Amino acid sequence: MADTGAHVPVRTDATGVDPVQLRRATLASSVGSALEYYDFYIYGLASALIFGELFFKPLGPAGGLIASFGTYAVGFAARPIGGLVFGHLGDKLGRKLILIVTIALMGGSSMAIGLLPTFDTAGIWGAILLVALRVAQGLGAGAEQAGATVLISEFAPRQKRGFFAALPFVGIQVGTLLGAGTFAALGLAHPEVLMGWLWRIPFLLGFALIIVAVIIRMRLKESPAFEALEEAEAHREAPVKQSVGQAIATSKKNILIGIGLRMGENGNSSIYSALLLSFVAGLPAFAQQKLIGTWGAVVAACVSIFTVVLFGWLSDRFGRVPVYRWGALFTALFAFPGFFLLTLGYVWLVLLVMAIGIGIGVQSMLGPQCALLPELFGNQHRFTGVATAREFSAVLAGGIAPLVGAALLALTGGAWWVIAIYSSVLALISFATTFVTPETRGRSLTDLNDAGKDTVHA
């Protein structure tokens, strides 16, 4: 790791890394990831299972499901705006401050959803308020994961960056586990109780995670790479930091690479985590077990806690690109047998398909991605670059996946193969993108230029 630029001596290990701050950065990023994915997972589950009836009752079951998934997509549509705005501020003002703001906005919006009046109480106003809060949630989430990714990558030792950058993403699995587990437990309640008031509890519980995350982030120092950038700024007549427009123009190629890489990972994450749940619930074999998909999500999250770190570690040993490439190809090939097996009507096959699809397929791309995306961009606009790539891909892949999938299922009468084709195409886009992706393993994060360009240090 390059000189941190710190003005106060700190105790570091043999790699020049402050172990105390590394632990705090890991914890701060992990809690934020847990809250983001807890929020978005419970929203995805609620969209698939109950929001249609609660907020869009006049549209009927099919129309309500599509409208419900439409609000799910709206949150993703807001993410690029949040990513651009907060990502730019993160490059200007520092990672720490922006991560405190985003976690508060994201968690506060989720908690407010738990207080909303439904259609029976407020008519269309309940749906309007739901959309508004979903937008606010998306704005905060648009920079949260990008900021967490950048933060831990800038604190981690260079040769172990893949491993450490993947650790906060264990928080994703914990958040998913909490969200899916909560809804699975709620499914044991009487339907009238669930639809009456019990559905609000998962949204209100997120408040505890907000408090923990803010306290941890308040104790965290600024990242070494940003401190190096601040020092460079202070000693140069020409500004080092760039505007949003300059950052995007400078990094257009790598932003497009990041978007392509995310199509398979983020798209399939939403397909398995949201669309699959409604697909399985609609199968005759599971008519009396409509929440079986949530138990599959619990199993998948338990597997992913270990596999995301494993694939991050593998990317330190074999490179980011090879691990990503094989993961994307596996996901594309698994889609057809995987979705066919769901139609056989066995509970254990649902659990197995979700465990493999998410725990191996998605995580084999997410693991190396944790370090790869920050390494693609130069120090002066890393937050903006990562946020832009992540969040535009979130709209194109994850955000519309349940909506497009629900429409395709409606058009084909619930045919399993249409989801398999959709899943495979998204994964193949990422597979193809790996052939134009520069290998970034071990790259200096004080480098001002993007990967694939001449090296200039802050």
Side-chain angles (χ1 to χ4, degrees), residues 33 37 41 44 162-163 165-177 179-180 261-277 279-280 292-342 344 346-373 397-398 401 416 419-434:
S33 297
Y37 274 76
Y41 208 91
F163 172 78
L167 284 177
F169 285 73
V170 172
I172 290 178
Q173 316 313 328
V174 172
T176 299
L177 186 60
L261 291 173
R262 288 261 295 164
M263 294 298 287
E265 174 267 321
N266 190 248
N268 274 285
S269 179
S270 284
I271 287 173
Y272 281 97
S273 300
L275 179 62
L276 183 146
L277 270 64
F279 173 71
V280 170
I292 187 60
T294 61
W295 289 108
V298 170
V299 173
C302 290
V303 173
S304 299
I305 286 174
F306 302 98
T307 55
V308 67
V309 179
L310 171 63
F311 286 114
W313 174 76
L314 287 173
S315 77
D316 282 331
R317 297 203 61 184
F318 302 107
R320 317 289 187 226
V321 174
V323 175
Y324 212 117
R325 180 176 299 155
W326 286 106
L329 182 60
F330 172 85
T331 302
L333 295 176
F334 177 72
F336 291 92
F339 282 96
F340 170 73
L341 291 174
L342 296 175
L344 299 182
Y346 294 101
V347 171
W348 69 272
L349 283 177
V350 175
L351 304 182
L352 180 64
V353 167
M354 293 191 70
I356 294 175
I358 297 175
I360 297 179
V362 172
Q363 304 313 316
S364 62
M365 292 179 280
L366 180 59
Q369 182 195 115
C370 300
L372 174 56
L373 284 187
W416 66 268
I419 311 179
I421 292 175
Y422 190 23
S423 169
S424 185
V425 167
L426 290 173
L428 288 175
I429 291 173
S430 292
F431 176 73
T433 303
T434 63

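Note that the coordinates shown come from a computational prediction; the quantities given were computed from them, not determined experimentally. Residue numbers start at 1 and run along the sequence shown.
- With sequence neighbours left out, Y272 forms a ring-ring contact (aromatic ring centres under 6.0 Å, His included) with F339.
- Annotation: ring-ring contact (aromatic ring centres under 6.0 Å, His included) contacts of Y422 (sequence neighbours excluded): none.
- Using a 4.5 Å cut-off on side-chain heavy atoms (C-beta onward), V347 and V350 make no contact.
- In this structure L329 satisfies the side-chain contact (heavy atoms from CB on, under 4.5 Å) test together with W326, L333, F431, sequence neighbours excluded.
- Closest of all the heavy-atom pairs between V309 and I305 is CG2-O, 3.9 Å.
- Among all heavy-atom pairs drawn from I358 and S273, the shortest one is CD1-OG, 3.9 Å.
- Legend: residues meeting side-chain hydrogen bond (donor to acceptor under 3.5 Å, both in side chains) with T331, ordered by chain and number and at least two apart, are absent.
- Every ring-ring contact (aromatic ring centres under 6.0 Å, His included) that F340 has, sequence neighbours left out, goes to W416.
- Listed here is the closest heavy atom pair of A165 and C370: O-CB, 3.4 Å.
- To the nearest 0.5 Å, the span separating CG on L372 from CG on L366 amounts to 11.0 Å.
- Take L352 and apply the side-chain contact (heavy atoms from CB on, under 4.5 Å) test, not counting sequence neighbours, and it matches W348, L349, I356.
- Remark: S364 engages no residue in a side-chain hydrogen bond (donor to acceptor under 3.5 Å, both in side chains) (not counting sequence neighbours).
- For D316 (side chain) and G162 (main-chain N/O), a donor-acceptor pair under 3.5 Å exists by modelled atom type.
- Counting only heavy atoms from C-beta outward, the side chains of L310 and F306 never approach each other to under 4.5 Å.
- In this structure, A297 and M354 approach most closely via the heavy-atom pair N-CE, 3.5 Å.
- Under the ring-ring contact (aromatic ring centres under 6.0 Å, His included) criterion, F163 pairs with no residue, sequence neighbours left out.
- Here N268 contributes atom CG and I271 contributes atom CD1; the two are 4.5 Å apart, rounded to the nearest 0.5 Å.
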Exercise. What's the verdict on side chain to side chain contact (heavy atoms under 4.5 Å, CB included) for I421 and F336, showing C-alpha distance, side-chain angles and the deciding distance?
Worked result: CA-CA 7 Å; I421 292 175; F336 291 92; 3.8 Å; yes

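- The stretch residues 326-342 participates, sequence neighbours left out, in no salt bridge (Lys or Arg N to Asp or Glu O under 4.0 Å) pair at all.
- Here S430 pairs with M263, Y324, A328, M365 under the side-chain contact (heavy atoms from CB on, under 4.5 Å) rule; sequence neighbours left out.
- Listed by chain and number, the residues in a side-chain hydrogen bond (donor to acceptor under 3.5 Å, both in side chains) with S269 amount to none (sequence neighbours excluded).
- The heavy-atom pair separating V308 from A166 by the smallest distance is O-CB, 3.6 Å.
- Atom CG of L428 and atom OG1 of T433 lie 10.5 Å apart (nearest 0.5 Å).
- One distance of note links CG of N266 with CD of Q369; it measures 8.0 Å at 0.5 Å rounding.
- Nearest heavy-atom pair, A401 versus S270, reported as atom, atom and distance to 0.1 Å: CB-CB, 4.0 Å.
- Here the side chain of S424 pairs no donor or acceptor atom with the backbone of A335 at under 3.5 angstrom.
- When the side-chain contact (heavy atoms from CB on, under 4.5 Å) test is applied to V299, the partners found at least two apart in sequence or on another chain are L351, A355.
- Note that CD1 of I419 is 4.5 Å distant from CZ of F279, once rounded to the nearest 0.5 Å.
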